[in-house]
Participant: 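The structure follows.
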Amino acid sequence: MQWHMLAANDVAHETKTNVTAGLTATEAEKRLRQFGYNELAEGKATPAIAVFFRQFQDFMVLVLLLATIISAFLGEYVDAVAIVVIVIMNAVLGFIQERRAEKSLAALKQLSAPQAMVLRDGEWVKIQARELVVGDIVKLTSGDRVGADIRLIEANGLEIEESALTGESVPVAKSAAPLLTEQASLGDLHNMAFMGTLVTRGSGVGIVIATGMKTAMGQIATMLEEADAGLTPLQRRLEQLGKILLIVALALTAAVVAVGVVQGHDLYEMFLAGVSLAVAAIPEGLPAIVTVVLALGVQRMIKRNAIVRKLPAVETLGCASVICSDKTGTMTENMMTVTQLWAGGRTFSVSGVGLETDGEFSERNRTVDPHRAPALGRLLTMAVLCNSSELKEQNGRRYVDGDPTEGALLVAAEKAGMKKGELLRDYVIEREFPFDSERKMMTVIVRDRNGRRFSVTKGAPDVLLERATRLEWNGREQALTPAWKEAVEKAVHQMAASALRTIAVAYRPLTDNEKIQSEEEAETRFIFLGVAGMIDPPRPEVKEAVARCKEAGMKTVMITGDHVLTAKAIAKQLGVLPPDGKVMDGATLSRLSVDELEREIDDIYVFARVAPEHKLKIVNAFKRRGHIVAMTGDGVNDAPAIKAADIGVAMGRSGTDVAKEAASLVLLDDNFATIQAAIEEGRNIYENIRKFIRYLLASNVGEILVMLFAMLLALPLPLVPIQILWVNLVTDGLPAMALGLDRPEENVMKRPPRRPDEGVFARGLGWKIISRGFLIGLVTLAAFMTAYERSGHELAYAQTAAFATLVLAQLVHVFDCRCERSIFDRNPLGNGYLVAAVIVSLLLLFVVIYYPPLQTVFHTEPLAALDWLLIVGLSALPTFLFAGSLFTRK
Ligand code: ATP
């Protein structure tokens, strides 16, 4: 089908759709069932069985399997079977964790999937792009990723970047008219929009003509471009660490085995002991648990309305030292209400709250009938004409379909008895140049009942004032003299200083045949009409969030397109701007070089009247000062800054697809407080990872040392290999996971951000691990020797005592690991998972010691009460030594 050659009507006819009402919901559902989801076939997911077998690819597991084969060969079937069972249990644990991590990451993908605006049953609704069907009428706006192949039937300054398809990175201007060329390449089809391309400017409407694998993208792309999962810096560091530890472990093991053989131990026994020790010492499982903990942390963040799109961001979050945030909608409610109007030299107040249309106009406390104030009436009329939003009602509740700023103007007009629907019977909108934050204006070309044409522009007062030549006053036009200009500026300043957002309205009469092709032609030689001032209350939770960030050593910076005074007033209310803090405006920012900005930037807390392109400069200047920067944004033009920031943050509700794709964090509720919550989680996740590294490695050090000590003292082996395996692969696993789910310590948001180059073992962690491991080794040896003596040199009995001490010492240690300082700083029962995990591990210990069939496997014997007393005492000893901070360096 040559869609590009057909007229719009024919396209609608062919796709059996209605251009004004779209498809019905039932028809859309029918087509969806018939033709399937609008998706590209993805690379096949890894089947569960493959994930399971992947668990056996670990070096450690291979070593174990080798040991099993040798044991079986030597006729040690019990050992062989036990090793196999433990390896399988370990694989099952790993499998479950990996699947869980995978699932939560897949859920994430769903959450940030692109959406599309479609006309269904006569209403514009937002749906998942995967639910689009042929015949859907779709609206495209700047920042959208095109959801399917679309034949355009309307285009307003629409430009689309099609590099994903054509490789050409310069955006292509689009139009709706049919093309005459039969054979055209994709790049020449100016009345089509293709799936996967990006709308960079303007807006348009079109009919879906192909979905899923039938689209141009589907035909050339057999595989989706996979977002690189990427290891986080910590994961990478742990991998390196793993390699070092592997060598150290092998060397130590070799030493233990060599000493053992020299001391006359049995060769096979030493071989198994060596294997078990190697397994004990190599923290192969660490990176896997880290992944799981990251994934679970990401899930927790979703509950707090933050979606992490790139896993490494979880770690970077904890390092953030500067948060640059948009004002409108992120720090404020984005619930605008016009409270003041300035027109023709008079200032009017407007009463009423929110979207309610009861309200009055007054001037110096005296009620004014808006019909008797022509300047006011004209200002409101024009504000309604130059307005792409609508007031709607659903279930008895009013809402703004569109931009809240425009909604506020509509509400103000309704207070004067003017409704958009009624007004539009007398006027025809010929053309629209949509608002963008770069121009800070929006313009429409209008024709009235009597055939008179004019343009109406609304936008930032300073911008409009600069381009205005005349002013309307009392129904008469006059030149905009410097005196008048000053009067307008004064009015704007007054509004802005009381935290009002200001919007000016202007117009220009046009002759019948005056062609307006571009914004530049439309937006000049204005006749200035007046200014509206609207409040946008700060979000109540933001003030506290800003304060918490400050406490946590982070600086909050407000970035806004609004007037300097408006920004300043709100920044003060929110505690963003300290008394000695500075405000910089966009003009100054443009003038400064990055070097100059870098020198000043530490004193600046508010950037006002900035354009999106300025954000990149701000990010770079902060980065050069050595900061880790989070930057929010929503539009196409914000994407470069979002990408350049260490943590790019996009708005989930108001954000464009482009911004979301560039971001590493998406805020579902567009709320600044959510950034703070995400940072808190980020810090906590990192601390939790440190907690279980501390826990697991101390255990490894303890095991190696107890064996080494015994060898050096020419004692028998204090632990049977199978016991070491059991501790490492089973009883340690659950508590370690539970540590990964721990709640934050009270002080996580009371200390400065972590330095990004900080090592895993920083802040005394390495010392804690070694000293604690040393103590665990020592008490285990003590228990072994005492029991050995007391039982009259019964080896299995003494080994059981050592085994129990090792497990118990670890189960006590795990509570220490929850706290940076001493165990007594926190309620030890505060983590329910941990308590449960410890109980399970304890039960497992008892089963292995007291259940006769397992006694043979694990070489254990029931212990006497007195020995239990000793074991419990010895196990708790290191904690008390630590609590006395004997071994703790603060
Ligand atoms: P943020 O704080 O999220 O960066 P902002 O709303 O402060 O965003 P912009 O949206 O770029 O910044 O708005 C800048 C100025 O443009 C506003 O102060 C206002 O005067 C004007 N403006 C905003 N929305 C519109 C609109 N829909 N039509 C015309 N002018 C607008």
Side-chain angles (χ1 to χ4, degrees), residues 141-143 203 324-336 338 382-390 400-410 432-444 456-466 492 495-496 499-506 519 522-523 526 529-536 538-539 542 557-571 574 576 585-586 606-615 618 631-638 641-642 649-651 653-656 659 667 670-672:
T141 11
S142 120
S203 61
C324 299
S325 169
D326 286 336
K327 170 179 74 69
T328 311
T330 312
M331 299 185 126
T332 65
E333 301 256 21
N334 210 4
M335 292 280 291
M336 315 270 175
V338 174
M382 296 295 186
V384 174
L385 288 176
C386 180
N387 198 311
S388 47
S389 306
E390 268 176 79
V400 179
D401 182 7
D403 178 354
T405 306
E406 298 192 333
L409 292 169
L410 295 177
E432 182 182 317
F433 298 102
F435 172 76
D436 85 48
S437 341
E438 209 96 35
R439 285 165 30 243
K440 298 192 170 56
M441 291 185 274
M442 155 180 181
T443 299
V444 289
V456 189
T457 303
K458 74 176 191 321
D462 29 339
V463 179
L464 260 61
L465 211 50
E466 210 159 274
V492 170
M495 288 185 192
L500 297 186
R501 178 177 172 84
T502 50
I503 289 229
V505 181
E519 302 103 328
E523 292 165 346
F526 294 136
L529 276 174
V531 185
M534 46 190 85
I535 50 162
D536 176 17
R539 286 178 183 259
V542 170
V557 176
M558 177 189 279
I559 300 183
T560 177
D562 257 348
H563 198 282
V564 171
L565 292 175
T566 314
K568 207 167 163 176
I570 295 194
L574 288 173
V576 169
D585 66 8
V606 176
F607 290 93
R609 271 290 185 259
V610 294
E613 85 222 11
H614 288 132
K615 286 185 171 179
I618 298 174
M631 169 64 88
T632 70
D634 45 17
V636 194
N637 308 336
D638 291 336
I642 293 182
V649 184
M651 300 301 143
R653 284 203 211 143
S654 63
T656 56
L667 309 178
D670 295 11
N671 190 343
F672 176 83

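Every number for a ligand or one of its atoms is a count from 1 in the order of the listing.
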Participant: Return a table of N or O atom pairs, ligand 1 on one side and protein on the other, at distances under 3.5 Å, rounded to 0.1 Å.
Facilitator:
residue: ligand 1; atom: 2 (O); partner: Lys327; partner atom: N; Å: 3.1
residue: ligand 1; atom: 2 (O); partner: Thr328; partner atom: N; Å: 2.8
residue: ligand 1; atom: 2 (O); partner: Thr328; partner atom: OG1; Å: 3.2
residue: ligand 1; atom: 2 (O); partner: Thr560; partner atom: OG1; Å: 3.1
residue: ligand 1; atom: 6 (O); partner: Thr328; partner atom: OG1; Å: 3.1
residue: ligand 1; atom: 6 (O); partner: Arg501; partner atom: NH1; Å: 2.9
residue: ligand 1; atom: 6 (O); partner: Arg501; partner atom: NH2; Å: 2.8
residue: ligand 1; atom: 7 (O); partner: Thr328; partner atom: OG1; Å: 3.1
residue: ligand 1; atom: 7 (O); partner: Arg501; partner atom: NH1; Å: 3.4
residue: ligand 1; atom: 7 (O); partner: Thr560; partner atom: OG1; Å: 2.7
residue: ligand 1; atom: 7 (O); partner: Gly561; partner atom: N; Å: 3.2
residue: ligand 1; atom: 7 (O); partner: Asp562; partner atom: N; Å: 3.4
residue: ligand 1; atom: 12 (O); partner: Gly561; partner atom: N; Å: 3.4
residue: ligand 1; atom: 18 (O); partner: Asp562; partner atom: OD1; Å: 2.3
residue: ligand 1; atom: 18 (O); partner: Arg609; partner atom: NH1; Å: 3.4
residue: ligand 1; atom: 20 (O); partner: Thr502; partner atom: O; Å: 2.7
residue: ligand 1; atom: 27 (N); partner: Asp403; partner atom: OD2; Å: 2.9
residue: ligand 1; atom: 27 (N); partner: Glu406; partner atom: OE2; Å: 3.2
residue: ligand 1; atom: 28 (N); partner: Lys458; partner atom: NZ; Å: 3.0

Participant: With sequence neighbours left out, write down each residue that passes salt bridge (Lys or Arg N to Asp or Glu O under 4.0 Å) with Asp436, or none if nothing qualifies.
Facilitator: Arg439
Participant: Could you work out, with side-chain contact (heavy atoms from CB on, under 4.5 Å) as the rule, every residue matching Pro404, not counting sequence neighbours?
Facilitator: Asn334, Met336
Participant: Assess, by modelled atom type and distance only, whether the side chains of Glu523 and Thr457 contain a donor and an acceptor separated by less than 3.5 Å.
Facilitator: no
Participant: Do the side chain of Arg609 and the main chain of Gly561 share a donor and acceptor less than 3.5 angstrom apart?
Facilitator: yes
Participant: Between the side chains of Glu406 and Ser388, does any donor sit under 3.5 Å from an acceptor?
Facilitator: yes
Participant: Could you list the residues that satisfy side-chain contact (heavy atoms from CB on, under 4.5 Å) with Ala504, not counting sequence neighbours?
Facilitator: Pro461, Leu464, Phe528, Val531
